[in-house]
Amino acid sequence: MKLSEIAQLIGADFNGDDKEITSMNTLNEASATEISFVANVKYIKEVPSSNAAAIICNSSTLDKIPSSCVALVVDAPYWQMAILSARFAPPLEDTSSPKAIVGEGSSISSKAELANGAIVGKNCNIMPGVYIGSNATIGDNTTLYPNVVIYRDCKVGNSCVIHAGTIVGSDGFGFASDKMGKHKKIYHIGNVVIEDDVEIGSNTSIDRAVFTTTFIKQGARLDNLVHVAHNCEIGEYSVIAGQTGLAGSSKLGRSSIFGAQSGVAGHLEIAPFNTFAARTGVTKTIKESGKVFAGFPFMDHRAWLKIQGKLARLIK
Amino acid sequence: MKLSEIAQLIGADFNGDDKEITSMNTLNEASATEISFVANVKYIKEVPSSNAAAIICNSSTLDKIPSSCVALVVDAPYWQMAILSARFAPPLEDTSSPKAIVGEGSSISSKAELANGAIVGKNCNIMPGVYIGSNATIGDNTTLYPNVVIYRDCKVGNSCVIHAGTIVGSDGFGFASDKMGKHKKIYHIGNVVIEDDVEIGSNTSIDRAVFTTTFIKQGARLDNLVHVAHNCEIGEYSVIAGQTGLAGSSKLGRSSIFGAQSGVAGHLEIAPFNTFAARTGVTKTIKESGKVFAGFPFMDHRAWLKIQGKLARLIK
Amino acid sequence: MKLSEIAQLIGADFNGDDKEITSMNTLNEASATEISFVANVKYIKEVPSSNAAAIICNSSTLDKIPSSCVALVVDAPYWQMAILSARFAPPLEDTSSPKAIVGEGSSISSKAELANGAIVGKNCNIMPGVYIGSNATIGDNTTLYPNVVIYRDCKVGNSCVIHAGTIVGSDGFGFASDKMGKHKKIYHIGNVVIEDDVEIGSNTSIDRAVFTTTFIKQGARLDNLVHVAHNCEIGEYSVIAGQTGLAGSSKLGRSSIFGAQSGVAGHLEIAPFNTFAARTGVTKTIKESGKVFAGFPFMDHRAWLKIQGKLARLIK
């Protein structure tokens, strides 16, 4: 899409040299052919070092835009970014891609659907009702139980097991909102990458990243009915018990252990090797390792036990 | 079904003029060809003004029944209503209805199933594994991702997006119970109506109304693994984050914002433009607007923060 | 599998008379042709009375092994048991079994899949996208709504209703972990048995037992998005509201009533006829009946109300 078309679409002035923009991305990740945006003061510090070809911003951020970069000034950058995201979203399926490729020894149910451009490795079991989208790849020796859905562009590693009804790659819960509370969908053009030896229970939902990738790293274990929001990372060998939910962009270090019905707020970083009792609600970044937490808001597990004791005595 | 047959089925005396009863409904909504019931003292006040042709009641309510209306007196009105509901439930599919109608420009996967009597608008994408029941309607420009299920009689508006594995129109969690704790299924003959521009995440469940309608209003956003019970209403542009659950018959006003893992008890009314922090448990009707709540039982968000501070000091 | 092969696979010494081992099982349930294991001091007391043909143990348990039984001594019995479980797991489908048998009057969608060896009773409705695995049985008059998955070897009774997207029989969340935090899958060779007259909502997940059976007893009611872990038992006529989760091996007595978003920790026993308010978190075995509980950690419902009152006064 030409920069001049983008400017017109979002209602920004543009007079410079026109150029082809290939995609959208974050300020940090955008390449010299991509467009980015800044809609939150928190990210202004990333503007000067961005390599983006152009940045959608409002007039107050204009002076931070690097000289190598075109500023597209609008009143509501987030809303305009949402409008633009629809134009960079790929089609639901790449109908003109070649038919799906399936490795030797794999069994694909005639009631599964492999979209054009999908790739399945060797010795896989793809059971009835499974859907694998365009450009999605499945490694070797992986089992997808009935009615698993792998959205387009997502990647599942070798020797993974995904139980029935689990959804990988649905759009994250992201949208721009105006002053009247109306919402504009942000098309999620990132993906989900699930590394090798991961097992996921049934009816779990893992959202794709808005840009870049939602990561489930090697050897992780997710239980049933777990919610993983867009742009999360789950560290190697982590264990996430049933009905736990992770809000957007949180990163769990290696061997994070979460009891059932836990929750993690958005944009947090959890150091490796921590354990969380069932129903813990993590509300802040954690820099220490090797601890046990509980409660909501979360605290040291022993402190939580002490509070429960005090509360019990309160009513006597 | 004849009134005399109904009386016989539920074991009530009936000697008046017989008449054809077309359906069951609430006391308030029942028309002059419908039958209703009263099984809870809370609803006795609605009896005198009901237009129902007949009301199933016990002997203590008999004197409240309007003279225009036949009283069918039984010992256990709720249990007998449950028995009767089975007789008014439509078949799973209307096999004799004409084949599904699909609008111009819509793409329907050969692995999707459209029951007889279903209607899909223009330019829709109905992906593999989707099921659309009899008499269900889908508006224009709507996308149903793989394995979405729309039960019979439900309606989805224009420009909606429903992500994979989401279920619209399953029966609500309603049944009569006897003194031994055994249950009798209440067939849910209502539906779900999802208005225009609604987006719903993956693996969410929205139950149909027992009678009338479960409503998701225009522009609302629901995340993954959300539970919406029978007869709820979600106001325009509301935002319901992941793993939140709404119990039966609760009504959320416009622009209600719920953080993740929240809950709302049954039969509440929430005024418009309120915000609820993650894990809030709403236990009472809310008449004010523009507030922020937190905690369980819920309270003003600042009060909740204050309590957390006090608790933290308790253990020092 | 020969005992000598097992010993070699798990790295144990074995010099006795060789014999054929037919399966794995718990210490209590193992028959004289089955192998068991002891990996937790809690279960050492069950060793002397076990009828197992062989027991995988470490050297410290060796002296408890009955003389009728072969001891296979390894450093990490749980890890070795996990490795062995893969060898006793049946194939995903019994392709050489006879085609599925369907009773008179049953309607099976052409978009449902019945694996070889599945059996469906009379007058059932098996809707599109349903999967029924090998050796699974469905009773008479049962309805499986679209995209329900019944894994192999599971049993569903007569007159059951299972709503769309519900998964019965996915593997439990069980694995062995080594000192580096890596996990080894435990193949779940048990099943799920759902007795007669059970109704289950949409997008619920019920895991199969590791050995033996996960039980949902007669007349129980489960709502949407409920998580039932491996080896649980839900008593007759119990009521489990939406988004509740039960951890592994917990047993609920008859007529247990759980409000929404409740949780039960693992390995507990709950006496019959207790009620739990929404969001109760049960952390201990309950031996009394006829009580109402609330809170997390759970307590008597009146005590919980009292604490909430005290907390409210704290901030004044």
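To find a chain, count down the sequence lines: A is the first, B the second, and so on, and within it residues start at 1. What you see below is based on every heavy atom in this structure, not just the backbone, and it leaves out hydrogens, waters and symmetry mates.
Proximity to chain C involves both the backbone and the side chain of Ala164(A), based on heavy atoms less than 4.5 angstrom apart. Of the two parts of Asn147(A), only the side chain, counted from C-beta on, holds a non-hydrogen atom closer than 4.5 Å to a non-hydrogen atom of chain C. In this structure, the portion of Lys111(C) lying under 4.5 Å from any heavy atom of chain A is its backbone and not its side chain. Interface remark: Ser177(C) contributes no atoms to any contact with chain A (heavy atom separation under 4.5 Å). Using a 4.5 Å cut-off between heavy atoms, Ala229(C) does not touch chain A at all. There is no contact between Ile200(A) and chain C, counting heavy-atom distances below 4.5 Å. With a threshold of 4.5 angstrom between heavy atoms, Thr244(C) approaches chain A through N, CA, C or O but not through any side-chain atom. With a 4.5 Å cut-off on non-hydrogen atoms, Ser202(C) does not touch chain A at all. With a 4.5 angstrom heavy-atom cutoff, Ala247(C) does not touch chain A via any of its atoms. Contacts between Val130(C) and chain A at a heavy-atom distance below 4.5 Å are absent for every atom of the residue. With a 4.5 angstrom heavy-atom cutoff, Gln261(C) touches chain A only via backbone atoms.
Separation of the Phe296(C) and Trp304(A) ring centroids falls under the 6.0 Å cut-off. The aromatic ring centres of Tyr145(A) and His163(A) sit less than 6.0 Å apart.
Taking the six-membered ring where the residue is Trp, Phe293(A) and Phe276(A) present parallel rings, their angle staying beneath 30° rather than reaching 60°.
Comparing Gly129(A), Ser255(A), Pro146(A) by heavy-atom pairs within less than 4.5 Å of chain C, the highest count is held by Pro146(A).
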